[in-house]
Every structure is written in C-alpha cells, then in structure tokens.
Amino acid sequence: MKSLTDTFTLNNGIKIPCIGYGTWQAQSGKVAVDSGKEAIKLGYRHIDCAAVYANEKSVGQAIIESGIKREDLFVTSKLWNDYRGYDEALAAFERTLKDLQLDYLDLYLIHWPAAIGKTKDWEAENAQTWRAMEKLYEDGRVKAVGVSNFLVHHLEALKKTAKINIMVDQIEFHPGMMQQKTLDYCKRNDILVEAWSPLGTGKMLGNAVLKKIAGRYDKSVAQLCIRWCIQNDALPLPKSVTPSRILENSQVFDFEISRQDMDTINKMEYFGGSGLDPDEITF
Ligand code: A2P
C-alpha cells in the first residue's frame, strides 16, 4: 500500500480504500461535521460509521459539505443490536441511509453477533439478520456485506445458512489483541479483517516497547499501530477528531516495519483494550 486511496479487494471484487476514517465517539454536530470534512480534505476516501454512534446525520452532512462525488467515497455503516431479525434490519438500514443522506452504502455490517451468554437462539437470530443483509445486497442497496465482532464460532455458524459469502469481519485489533484465531480463519476464508480501535482507543500510545520500535522509524506509536495493521492485512479504522492527528494517521506509507519488529509486536501480551467479549455483551 502506498497511499490512502490504495485498496484491499473484497471477495466479491469490490475495492476498499486501505485506511478507514473511524467515527466512533465523534460527537454529533459541529465536531463530527468538521472532522469528517477535514478527513475527506486530507485524502481519506473511506468512512466507517454506525447507527449506534448517533452521529450519522453529522457524517452525512460532512460528506455533502465536502463536495466529494459519492462514487469517490467508500461508506460503511452497521446495524445496531436492537434491530436484529429480517424486517427490523431492513427498516434500520433505511433509517441509516436517510440519516447519512445517501442512496446506497458501500458496506453494511451486523455490528455484534447475538451474544451466546444472553440469547439461547443466537444462531437463528444471526441467520435471520444475515438474510436481510443478503436481500440488501441482492437489491443493489449495498455493494458489500459483512459482520463485526464475530469470532470463529459465530462465522462458522453463519456459514451454514448464508447464501452470500461474508466479505468483512470488523474486530477489535491492536497490539496485544490481534485475535490470531479469527484473523487466520478470515484469511483462510477470504474475509477481510477490519481493525477497530487500532490504537486501543489510545491505550497503546504510552507503551514502552511500541515507543522504542516507533522511534526506529521516526514515527509515532499511532502511525506504527496503523502500519502494523496494514502489514498484517487488517484494514485499520483509526478515529480522531483532531486535524493534526487525522493527518498523522494518514502518513504511514513512507516506511515499512521490519519482519523482526512485526514479530515482536505480534507476540505482545494483552496490555489493554475494550475488554468486550462478543459472547458476553449485555447491550
Ligand atoms: P481524538 O479523537 O481526540 O483526536 P482508536 O482509533 O484506537 O479508537 O483511538 C481513538 C483515540 O485515540 C481517540 O481518543 C483519539 O483522540 C486518539 N488518537 C487518534 N489518533 C491519535 C494520534 N495520532 N495521536 C494520539 N492520539 C490519537
């Protein structure tokens, strides 16, 4: 990858720009509008949204105000957990499109699997929701469909009834938490892994090992983490509402992490993250 507009290719042939601008926790209103516009101005062409972030109207506004052509932008959103099931998911999709003021999405994801710890019928629930994703895909309302926070057993279960291949799995992915089993499974099955919280929501930034490695390349820890995702074939989605950081997070194409440093980072033990277990979530 050499620039923000270089792409990964999904298993249906759709191309997806290699860094997504993350919008989780970007405050709705001026903050989300201004930072979204800034990201587009700086060259980001992939925006990662979700209904539950409660800022889709602002992100939609940023897209309009940026003046960018719709076809030059890759927009993802996610179906929230309250709307699992066929009819509910289709209705939720329409609300998201309306909020974003768009007439199609590039990628639509199931935000979380039905939690095993909470729902007995988690497999059936996920299967029903996936049927809605397939309908949206077949009707041309979305260019690609996938899931988020699905572990291997969720993916395997969904595969039993899916008629359309899962194209993406967006998971928590940062040093100390690279979810090797899920990553390996996705690679074997041609599912692109996207990395949410590639900076561990900031928890990576003070780590001494990462600081030392980043220093070798004259880069920040944030840039190291983002580059590390890409070199692991995981598409990073760094979030920032700060213009200087939005720029910094895009400047990761002028260095290459050595095999040895990749190994060191890949082997790091867990040292912080969201702590969320997809089988145990209560939301
Ligand atoms: P802010 O949005 O206020 O700029 P993640 O993408 O892992 O969820 O991390 C997001 C968090 O990390 C946010 O708090 C964001 O702050 C902060 N952040 C994003 N980019 C950088 C950076 N380059 N340097 C330091 N902090 C950053």
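First listed ligand is number 1; within each ligand, the first listed atom is number 1. Residue numbers count from 1 along this sequence.
Residue Arg245 holds the heavy atom nearest to atom 3 (O) of ligand 1 of all those in Lys203, Glu248, Glu172, Arg245. One option in Gln27, Lys239, Met204, His174 has a heavy atom closer to atom 10 (C) of ligand 1 than any other, and that option is Lys239.
Across Gln25, Lys78, Lys239, a single residue satisfies side chain to side chain donor-acceptor pair (under 3.5 Å) together with Tyr53, and that is Lys78.
Residue contact annotation: Pro198 has a non-hydrogen atom under 4.0 Å from ligand 1.
Inclusion of Leu199 in the set of residues having an N or O under 3.5 Å from an N or O of ligand 1 is warranted.
The Leu205 neighbourhood of ligand 1 comprises atoms 25 (C), 26 (N), with distances under 4.0 Å to a heavy atom of that residue. Residue Gly200 has at least one heavy-atom neighbour below 4.0 Å for each of these atoms of ligand 1: 7 (O). For ligand 1 and Ala222, the ligand atoms under 4.0 Å from any heavy atom of the residue are 22 (C), 23 (N).
In this structure, Arg216 is not positioned above the aromatic face of Phe255 in the sense of NZ or CZ being under 6.0 Å from the six-membered ring centre and within 45° of the axis.
Within the 4.0 Å cut-off (strictly below), a protein heavy atom is located near atom 6 (O) of ligand 1.
Counting only N and O atoms by type, the side chains of Arg227 and Gln223 include no donor and acceptor under 3.5 Å apart. Defined by atom type and a distance below 3.5 Å, a donor-acceptor pair is present between the side-chain atoms of Asn149 and Trp196.
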